[in-house]
Amino acid sequence: MGRADETITLTTAQAIIRYLAAQYIEIDGVRTRVCGGGFGIFGHGNVTCLGEALYDHKDVLPLYRGQNEQGMGFAAAGYAKAHLRRRFMFCTASAGPGTANLLTSAALAHANRLPMLMLCGDAFLTRLPDPVLQQLEHFGNPTFGVNDAFKAVSRFWDRITHPAQIIQSLPAALATMLDPADCGPAFIGLPQDVQGWSYDYPVSFFDEKVHRIRRQAADADEIAEAAALLKTAKRPMIIAGGGVQYSDAVAELTSFAEAHNIPVVETIAGRANMVNDHALNIGPIGVTGSDCANTIAEEADVILAVGTRLQDFTTGSWTAFAKDARIIGLNVGRHDAAKHMSMTVVGDAKLALVELGAAASGYSAPSDWTKRSQSERVKWNDYVAENTRVGNGPASYAQAIGVVNDLCDPRDRVVAAAGGLPAEVTANWKTLDIGTVDVEFGFSCMGYEIAGGWGARIAQAQIEPDRDTIVFTGDGSYMLMNSDIYSSVLTDKKLIILVLDNGGFAVINKLQNNTGNESFNNLIADTPTATRQVSVDFEAHARAMGAEAETVEMSGLGEAFKRAKASDKTYVICAKVDPYDGWTTEGHTWWEVGTPHITESAKVRDAHVDQESTRARQRKGV
C-alpha cells in the first residue's frame, strides 16, 4: 500500500488540532506556525473531546485560559492585528452561552477584516438526548440554534455533521482567513457527539504545509486609467488605510508619495503608516481627524484611497470631499475599491503602488499645493502641542496622551477602542514608528482595550519582547470588561494600562448635549436611578487581580508611567479626567447621526436644524 493510501484513525477533534499544528507560514524568512495557539474556556460542549485533543498539543499550540469568551475573541483580534493578519489564534467555547458570548468579538473581527478561528460546541447531531442543557429549541426547525447567529458575523461558517467533512472545511476556513480580500473570522460548529466520532483520515492530510498570502496584481488597463487621471490632478491627495500595513506596503506608499510629491492623510486604521515628522504626512482625516487633513480633503480634486473601507468617520459621512472630486479606489477587495463610484484599481497595494507609480512617471503634484498642505500641518502640530500640555486646563485625555507619547519607546504599541479615547488618540498621538498604533474603530467596541491589549502583547512578546503594550481605556470600558488584567498577570504578558476616569460615558454625554439633549443616563452623576453615588476604586480593583497599580493626579502621570515602564508586571495607572472640558475641539468633520425631526425642546430642534444644514455637502454615492 502506497503512502497515498495510508490512513490514521482519529476523532474529529484530534484531526482538527493535528491539522492546525501542521500549518505554517513564512514571515521575513522565518517559518512559523500560522496558528499561534488559542484561547479557551471549557464547558461540557468542548472539554471532553476538543479538550483532550488540545492537551496532546499543548506544547505546539499553547492554550490561553480566558476569563470571558468575548474577551478571548478580542484578544485573538488584537493578536491578528499585531501580526498584520499573517497569523491567527483560535477560540474555543462550550455550547450555548459560552459560544454566544463570542458573537460580539466575531463581529469586531468581521468589521476589521481580521482572521480568527472559532471552534465551538454544538447540540448533538443524533438528537437522542434532546433537548440538552443550554439548547435553544425552534419547534419548526430543529437544526436552528445559537450557532446559526454567527452566519451574520463570519466570513466562513460550517457545522461539522460527519468527521470526513473537516478534510474540506478546514482548508476552506484557512483559505478565507489568509485571503487578503475575504479575510475575516471563520466559525466551525462542532456537535458534541461528532467531536468524539472517529474516522480513517488520509495521513497526507496532516502533512506540513507552508501558506503564503496571495498578492494579486492589478489589471493593466485599470492601472493605465488611474495613472491618466492622476496626471490631471492639480490638488491630489492620498488616503492611507489599514490595508497599507496588511499588504506590507508602507515603504511603497512612502516611495510613491515622495516620487510624486503628494500629501498623505491617514485613516484611523491607517494610523502609523507614516511617522509623525514625515514631510508628506498631513495628519489623520475625518470626524476624529485634524484640521490640516480635512482642509486639504475639502479641496482635493483627485483622491487616491489605498487600503481603506472609506467608512463614515474617514469621509465625514461623505461630506469631507468636494462633490466633483474624483476618487481612485486602490484595494485588494473589489467591494471596497468600487465605493462611491470610484475608479477601481483592484489589487495588492504593494504591487499596485509600484505599477501605478511607473505608469504615472514624470508626474509631480504642484509644489504650491504640497507646500500649502505642509503649512496646514505645521499649524495643527502647534495646536496638538498646546492641546496635550499638562496644565492647559482641567485634566484631559489629550494631556494623558501627550505625557505617554513623550515618554514611551518608539516601538511600544498603543491600543485604544471605544468611547472618547479613539478620537483623542487619533487626533493627538504623534506616531514615533511604523505600525505601532491599534485604534479599534471598525466596530468601536467597548471592552476591546484590555482584552485586545492582552492579545497584542502575546504577539508582541513573540516579535519585540522588550517593548511594551500600552492600553488607554476609560472607566466605562473598564467596567464593561477588565478581567484580562488577571489574564495578563497569569500569563506574564505585561500591560501598561491607563484608566482615565471621567465618571461614566462622557463622550456620549457630549454627543447628547451637542444635539440639544439634557444629560441623562450617561454620566453616573446624571443617572436618576443611581441613588447611591459611589466611586470605583480602580487601583484596588486592579491590585486584587494581581497587577501593580496606583492613582495619580495628571501632574504625577509622567513619574507613574516611568515606574510602570520599569516594572516587569502589568501596571495600572488611574487618573481622573474632566467629563466636560478638555476635549479636542478642532479637527472634526460632520458626522451623520439621527436627530429628532419633531420635538417640544427648542434646543433639540435648533440642534437638528444645525445638524441638517451640512447635509447639502454630502456626496450621494453607492
Subject >> Distance (rounded to the nearest 0.5 Å) between L114 CG and H83 NE2 >> reply: 13.0 Å
**OP:** Assign the ring pair F150 / F187 to parallel, tilted or perpendicular, where the plane angle (0 to 90°) is split at 30° and 60°.
**Re:** parallel
**OP:** Please test D468 against R457 for salt bridge (charged side-chain N to carboxylate O under 4.0 Å, His left out), starting from the C-alpha separation and ending with a verdict.
**Re:** CA-CA 8 Å; D468 282 308; R457 177 56 196 156; 5.8 Å; no
Original post:
Is it true that the side chains of E449 and S477 contain a donor and an acceptor less than 3.5 Å apart?
Top reply: yes
**OP:** State, without any angle test, whether E592 and Q611 hold a side-chain donor-acceptor pair at a distance under 3.5 Å.
**Re:** no
**OP:** Go through the steps for E299 and R372 under the test salt bridge (charged side-chain N to carboxylate O under 4.0 Å, His left out), then give the verdict.
**Re:** CA-CA 11 Å; E299 301 176 19; R372 178 164 178 272; 2.7 Å; yes
Original post:
Who passes side-chain hydrogen bond (donor to acceptor under 3.5 Å, both in side chains) against E208, sequence neighbours left out?
Top reply: R31
Subject >> For A365 against I262, the heavy-atom pair lying closest together >> reply: CB-CG1, 4.3 Å
**OP:** Nearest 0.5 Å please: distance from the CG atom of L108 over to the CG atom of L102.
**Re:** 12.0 Å
**OP:** Please report the C-alpha distance between W454 and F39 in whole Å, then the side-chain angles of each, then the deciding distance to 0.1 Å, and finally whether the ring pair (Phe, Tyr, Trp, His ring centres under 6.0 Å) criterion is met.
**Re:** CA-CA 11 Å; W454 179 42; F39 298 98; 5.1 Å; yes
Subject >> Test item: side-chain donor near acceptor, Y448 and D438, under 3.5 Å >> reply: yes
Subject >> salt bridge (charged side-chain N to carboxylate O under 4.0 Å, His left out) between D409 and R467, worked out >> reply: CA-CA 7 Å; D409 185 274; R467 302 282 73 85; 3.2 Å; yes
**OP:** Could you tell me which non-hydrogen atom of A352 sits nearest to which non-hydrogen atom of V345, and how far apart they are?
**Re:** CB-CG1, 4.3 Å
**OP:** For the pair W429 and F472, name the ring-plane relationship: parallel under 30°, tilted 30 to 60°, perpendicular over 60°.
**Re:** perpendicular
**OP:** For A257 and L280, work out which heavy atoms get closest and say how close.
**Re:** O-CD1, 3.4 Å
Original post:
Would a distance-only check, ignoring hydrogens and angles, find a side-chain to backbone donor-acceptor pair under 3.5 Å from Q245 to R271?
Top reply: yes
Subject >> CD1 on I188 to CD1 on I16, rounded to 0.5 Å >> reply: 6.0 Å
Subject >> Partners meeting ring pair (Phe, Tyr, Trp, His ring centres under 6.0 Å) with F156 (sequence neighbours left out) >> reply: none
Subject >> Straight-line distance of T32 OG1 to R87 CZ, nearest 0.5 Å >> reply: 3.5 Å
**OP:** Dump the intermediate steps for side chain to side chain donor-acceptor pair (under 3.5 Å) on N276 and R377, then the final yes or no.
**Re:** CA-CA 10 Å; N276 181 73; R377 180 62 199 261; 2.6 Å; yes
Subject >> Distance-only polar pair, side chains of T388 and N428, donor-acceptor under 3.5 Å >> reply: no
Subject >> Y79 and F88: CA distance, side-chain angles, deciding distance, ring pair (Phe, Tyr, Trp, His ring centres under 6.0 Å) verdict >> reply: CA-CA 7 Å; Y79 180 91; F88 68 86; 8.8 Å; no
Original post:
Considering all heavy atoms of both residues, which atom of L432 and which atom of C408 are nearest to each other, and what is their separation?
Top reply: CD1-SG, 3.7 Å
Subject >> Full working for side chain to side chain donor-acceptor pair (under 3.5 Å) between W591 and D312 >> reply: CA-CA 7 Å; W591 181 37; D312 67 336; 2.9 Å; yes
Original post:
Ignoring hydrogens and geometry, is there a side-chain-to-backbone donor-acceptor pair from S169 to Q165 under 3.5 Å?
Top reply: no
Original post:
Quick one: OG1 on T314 to CD on E266, what's the gap to the nearest 0.5 Å?
Top reply: 11.0 Å
Original post:
Just wondering, more than 12 heavy atoms not from E225 lying within 6.0 Å of its CD?
Top reply: no
Subject >> Heavy-atom neighbours of R334 CZ exceed 12 at 6.0 Å >> reply: no
